[in-house]
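The structure appears below as structure tokens.
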Amino acid sequence: MARIKIAAVADIAEGTTVKFSFTRGERPLEGFVGRFKGELFAYENTCRHIPISLDYGDNRFFTNQGDALMCQTHGAVYEPDTGLCTRGPCAGASLFPLEIAEEDGVLWFEEE
Ligand code: FES
């Protein structure tokens, strides 16, 4: 179990995301933190259609309009604030949320 430093809160601007790596048991996983309408969100970087990453390794999660998150493979669209898939092959499913903590202006993730 480790504590992972993600980023300074001030560095996560509106409509941007920061990725981080962690492990669950032996399994290496990726998460991402972003900001939407001023609020931070954090999800596992795993699509609910097929369990592959939402981005192509390029930290691209937001749509061009910046109003939703999108899986680059088949275009599933997710609400940034709730993680709910509103359009696409996994409509009705939700991204797996991750619990992050802020301490002295820095975001942390605690591995299970
Ligand atoms: S893998 Fe994400 S929509 Fe198909």
Side-chain angles (χ1 to χ4, degrees):
M1 188 165 127
R3 200 166 181 237
I4 316 253
K5 187 177 180 178
I6 302 171
V9 175
D11 287 346
I12 305 176
E14 179 70 24
T16 66
T17 50
V18 171
K19 299 208 297 180
F20 60 98
S21 301
F22 65 100
T23 55
R24 184 177 291 139
E26 298 292 296
R27 211 169 140 222
L29 289 166
E30 233 177 36
F32 66 105
V33 175
R35 193 182 294 278
F36 180 67
K37 292 185 177 169
E39 300 294 324
L40 292 172
F41 60 79
Y43 300 109
E44 206 176 287
N45 185 9
T46 306
C47 187
R48 290 305 310 273
H49 175 216
I50 297 170
I52 57 175
S53 65
L54 296 161
D55 69 337
Y56 282 150
D58 53 2
N59 191 30
R60 187 164 168 216
F61 295 94
F62 275 102
T63 57
N64 289 339
Q65 296 78 13
D67 58 349
L69 305 175
M70 183 183 271
C71 177
Q72 301 300 320
T73 302
H74 305 118
V77 172
Y78 297 91
E79 291 179 346
D81 46 353
T82 67
L84 178 70
C85 179
T86 54
R87 211 165 66 228
C90 46
S94 293
L95 294 174
F96 299 113
L98 295 175
E99 205 172 311
I100 50 171
E102 182 184 339
E103 204 179 291
D104 297 329
V106 175
L107 285 180
W108 297 87
F109 175 74
E110 197 94 37
E111 286 182 333
E112 288 164 20

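Everything quoted here is computed from the prediction, not taken from an experiment. Ligands are counted one by one from 1 in listed order, and the atoms in each one are counted from 1 as well.
At distances below 3.5 Å, not a single donor-acceptor pair connects side-chain atoms of E79 with backbone N or O atoms of L84. Side chain of R87 to backbone of V77: no donor-acceptor contact under 3.5 angstrom is found.
Side-chain contact check for F41 versus T17: some heavy-atom pair is nearer than 4.5 Å.
Using cut-offs of 30° and 60° for the angle between ring planes, the Y43 and F32 rings count as tilted.
A side-chain contact (heavy atoms from CB on, under 4.5 Å) with I6 is found for one member of L40, I100, D11 and no other, namely I100.
Listed by chain and number, the protein atoms of type N/O/S under 2.8 Å from atom 4 (Fe) of ligand 1 are H49 ND1, H74 ND1; waters are omitted.
Neither side chain, S53 nor N45, offers a donor N or O lying under 3.5 Å from an acceptor on the other.
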